[in-house]
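What follows is one structure encoded as C-alpha cells, with my remarks underneath.
FYI, the numbering just counts along the sequence from 1.
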Amino acid sequence: SYIYPICDTDGSILEFLTIGKDITARKEIENENKKLALIARHTTNAIIITNEKGEIEWVNDSFTRITEYTMTEVLGKIPGDLLQGEDTNRETVEHMKHAIDTGQGFHVEIINYTKSGRKYWLDIDCVPLYQQNKLTGFIAIEVDITGLKEAVHRIIESEDRFRMLTYELNVGVLLQGTHDEILFSNPAAHMLLGVTESQLLGKSSFDPDWQVIHSNGAPFLPDDRPSVKALQLKQSVSNIQMGVYRPVTRDWVWLLTSAVPLFDAHGEVKQVIVSFTNITKEKEYQKELIQSVEEKELLIKEIHHRVKNNLQLISSMLYLKMQRWDSPDAREFLASIREKIKSISLIHERLLQTETVDSIDIEDYVIKLLRNIQAAYNLPSTQLNIRIDIQHRFFTTDHALYLGQLINELVTNALKHAFAGMDTGEIRVTLEETNNTYTLQVHDNGIGLPPTQEAGKSTSFGMQLVDIFVNQ
C-alpha cells in the first residue's frame, strides 16, 4: 500500500490518501512454483540446475540417490568433473561441452560413475534457461537407463533371454523387422496399446488402424516414426512423444518411445527394438499447468488494468479537488501528488502492453514518464531539451516504481526551479550499471541551488521523498 498525506495551507494534515495493490495473483503463482519444486524433489529422475558456466547450483534428492553425491558436495562444480570416467565417451563429452559453451541444449546418452565408482548409463536432456534473452543457466533432467541398456545388451546376446527379460519389464517392447513388421511384443506392450499379441503380430506402424500424432496434433509422417528412423539412420532414436489411438478401446494414449537398431555380422540393420512407456498422465498435467499459467497471466493483466483505472480515477478526483482550492501551495501539492500517481499508473499501463506480467522495459517506461512530466510542467518561455541515456533493460515492477518516483521528483524539481529567466535549458537523465549496481543521475544546466541551501541537506517534502525512495 502507498499512503500520501493531504495538508492545508498551514501544513497541517487534513487527511490521508491510501492506495492499495492486490497481490493475490502473485501469491497464487508463488504457490504454484512451490508445487513445481515439490514435484522436482519427488521425481525419480535426477534434476540438475546450473549457472551459465555449467556450475551446479541445485540438485534434487534423486540426483543424490543415483550418484551418491550430496548437494553440498557438488555445489559450484562441473557435473562431468565428478561423474565421468574411463568408459565415458569422449565425443559425447565434447558435444556436451560445446553445447554449454554456445548456450545450446543437448540430448545424449552417456556412461557416468557414482561416488563409489559404480558405472551407470544416463539419458540426459539439457535445455538452456534464458531471462530477457540472456543466458542464465541450464536445467538437465537425467534418467537412469542402466537397466534398459543392460536389458538391450542381453537381448542382443540371446533371443530367449530377450523374451524372458521383456516379459519382466514394465516397459512396452516391440521387435520389428526391416519392413517395419512386428515380430514380437511383450505383455506391457499389449496393455499399453490395448490389444492382444495376435492383434499385433505381423502389423506395422503404417497400418491404417494406427493413428499416431505429434504433441502439436500433427500426424506422424512415415519417415518420422521411431522404428523407421532407426532403420534409415542406423542409430538409436530416443524419447519421441507419440499420441496413439487405440482402435479396440477407442481412446488415445501418449507414449514416450525409443528405437534401437540391431545389426547383423555385416553391419546391416536386421531388426529394431522399440520400447515405450505411458506418459498420458504427465501430458495431461502439463496441459493443465500451461492452462493454469495462462489463466494466471490473464488474471494479472486484468488486475493491472483495474489498478490503472483506479489510479486514474483518484488522479481525476484530486484534480477536481485542486480546482476548488484557492491556495497556490495546496494546488501545487495536489499537482505533485497527481504526478506521482501518474508515474505509478504508467507502470501498469506499460505492463498491459507487454507480454510479461512482472517486469518492465525501463527505457520505454522512462521515456514515456519524462514526456508526461514535461507536458504537465510546460515552460512556454524556455526552450527545453530532455536527453535520456538509459540502456535497454528489464526491471521488476517494484524497482521500476521506485525509480519512476525518483525521476519524477528530481525532474519535476528541475522544471519548477532550475530555468527561471532562461531562454533555453537542458535536463539529462542517465542510468548506468556497474557490477550489478545501478547509478541514476539527473543533471540540468539551470541556475543551480540558492546560496543558502547546501546540497543534500534540504528539508523539503520532495527531497525527503527522494531519500525514502533511494533507501528502498
Query raised in the report: Should Ile48 and Glu142 count as side-chain neighbours, where that means a heavy-atom distance under 4.5 Å?
Result: yes

Query - Heavy-atom check, side chain of Leu193 versus side chain of His190, under 4.5 Å - result: no

Query raised in the report: What is the distance from atom CD1 of Ile240 to atom OG1 of Thr257, rounded to the nearest 0.5 Å?
Result: 8.0 Å

Report task. Count the heavy atoms belonging to other residues, nucleotides or ligands that lie under 6.0 Å from CG of Asn133, then report whether that count exceeds 12. Result -> no

Report task. Please indicate whether Arg250 has more than 12 foreign heavy atoms, meaning atoms of other residues, nucleotides or ligands, lying under 6.0 Å from its CZ. Result -> no

Report task. Determine the sole option in Asn45, Leu83, Asp144 for which the side-chain contact (heavy atoms from CB on, under 4.5 Å) test with Ile66 is passed. Result -> Asp144

Query raised in the report: Going from OG on Ser258 to CG on Leu148, what distance comes out if it is rounded to the nearest 0.5 angstrom?
Result: 7.0 Å

Query raised in the report: Can you list the steps and then say if Gln235 with Lys229 is a side chain to side chain contact (heavy atoms under 4.5 Å, CB included)?
Result: CA-CA 8 Å; Gln235 63 183 32; Lys229 274 192 170 183; over 6 Å; no

Query raised in the report: Stepwise, does the side chain to side chain contact (heavy atoms under 4.5 Å, CB included) test hold for Trp252 with Thr280?
Result: CA-CA 9 Å; Trp252 289 85; Thr280 303; over 6 Å; no

Query - Student check: side-chain heavy atoms of Leu431 and Val429 closer than 4.5 Å - result: no

Requested in this report: Could you tell me the separation between the CG atom of Leu440 and the CD1 atom of Ile390, rounded to the nearest 0.5 Å?
Outcome: 7.5 Å

Report summary line: Smallest heavy-atom separation, Pro261 atom then Lys234 atom, equals CG-C, 3.9 Å

Query raised in the report: Backbone N or O of Lys53 within a donor-acceptor pair of the Glu55 side chain at under 3.5 Å?
Result: no

Query raised in the report: Does the side chain to side chain contact (heavy atoms under 4.5 Å, CB included) test come out yes or no for Thr67 and Thr114, once each step is laid out?
Result: CA-CA 4 Å; Thr67 68; Thr114 65; 5.5 Å; no

Query raised in the report: Under the criterion side-chain contact (heavy atoms from CB on, under 4.5 Å), which of Val237, Leu174, Leu255 is the partner of Val274?
Result: Leu174

**Report entry** Full working for side-chain hydrogen bond (donor to acceptor under 3.5 Å, both in side chains) between Glu109 and Ser236
**Finding:** CA-CA 10 Å; Glu109 293 180 357; Ser236 298; 5.4 Å; no

Report task. Can you see which heavy atom on Asp264 is nearest to which on His266, and at what distance? Result -> OD1-N, 2.9 Å

Query - Geometric class of the Tyr438/Phe395 ring pair [parallel <30°, tilted 30-60°, perpendicular >60°] - result: perpendicular

Query - Donor-acceptor pair, side chain of Asn435 and main chain of Thr437, under 3.5 angstrom - result: no

Query raised in the report: Looking at CZ of Arg393 and CG of Asp361, how far apart are the two atoms once the value is rounded to the nearest 0.5 Å?
Result: 11.5 Å

Query raised in the report: Under 4.5 Å between any side-chain heavy atoms of Ile111 and Asn89, yes or no?
Result: no

Requested in this report: Could you tell me whether the side chains of Gln131 and Thr136 share a donor-acceptor contact shorter than 3.5 Å?
Outcome: no

Requested in this report: Could you tell me whether the side chain of Asp123 reaches within less than 4.5 Å of the side chain of His107, counting heavy atoms only?
Outcome: yes

Query raised in the report: When rounded to the nearest 0.5 angstrom, what distance separates CE in Met71 from CG in Asp61?
Result: 7.5 Å

Query raised in the report: Is the shortest heavy-atom distance from the side chain of Ile56 to the side chain of Pro79 under 4.5 Å?
Result: yes

Query - salt bridge (Lys or Arg N to Asp or Glu O under 4.0 Å) assessment of Lys97 paired with Asp101 - result: CA-CA 6 Å; Lys97 185 177 183 302; Asp101 291 341; 3.1 Å; yes

**Report entry** Which atom of Phe106 lies closest to which atom of Ala99, heavy atoms considered
**Finding:** CD2-CB, 3.6 Å

Query raised in the report: Hey, is the main chain of Gly172 close enough, under 3.5 Å, to the side chain of Ser275 for a donor-acceptor pair?
Result: no

**Report entry** Where Leu183 and Gln271 come nearest, the two heavy atoms and their spacing
**Finding:** CD1-NE2, 3.6 Å

Query raised in the report: Distance from Ile427 atom CD1 to Ile407 atom CD1, nearest 0.5 Å?
Result: 11.5 Å

Report task. I would like to know whether Gln176 and Ile182 meet side chain to side chain contact (heavy atoms under 4.5 Å, CB included); could you show each step before the answer? Result -> CA-CA 4 Å; Gln176 296 181 242; Ile182 296 174; 4.0 Å; yes

Query - Nearest non-hydrogen partners of Pro128 and Phe138, listed with the distance - result: CA-CD2, 3.6 Å

Report task. Go through the steps to decide whether Ser116 and Glu68 satisfy the test side-chain hydrogen bond (donor to acceptor under 3.5 Å, both in side chains), and finish with yes or no. Result -> CA-CA 7 Å; Ser116 62; Glu68 301 171 4; 2.8 Å; yes

Query raised in the report: Below 4.5 Å, heavy atoms only, C-beta onward: do His214 and Asp224 meet side chain to side chain?
Result: yes

Query raised in the report: Is it the case that more than 12 heavy atoms not belonging to His443 sit under 6.0 Å from its NE2 atom?
Result: yes

Report task. Take Thr72 and Thr70 through the side-chain hydrogen bond (donor to acceptor under 3.5 Å, both in side chains) test and state the conclusion after the steps. Result -> CA-CA 5 Å; Thr72 303; Thr70 65; 4.6 Å; no

Query - N/O donor-acceptor pair under 3.5 Å between Arg246 side chain and Leu192 backbone - result: yes

Requested in this report: Check Met242 against Val212 and note the closest heavy-atom contact, atom names and distance.
Outcome: CE-CG1, 3.3 Å

Query raised in the report: With side chains defined as the heavy atoms from C-beta onward, is the minimum distance between Tyr120 and Lys149 less than 4.5 Å?
Result: no

Query - Any donor-acceptor pair under 3.5 Å from Arg387 side chain to Thr430 backbone - result: no

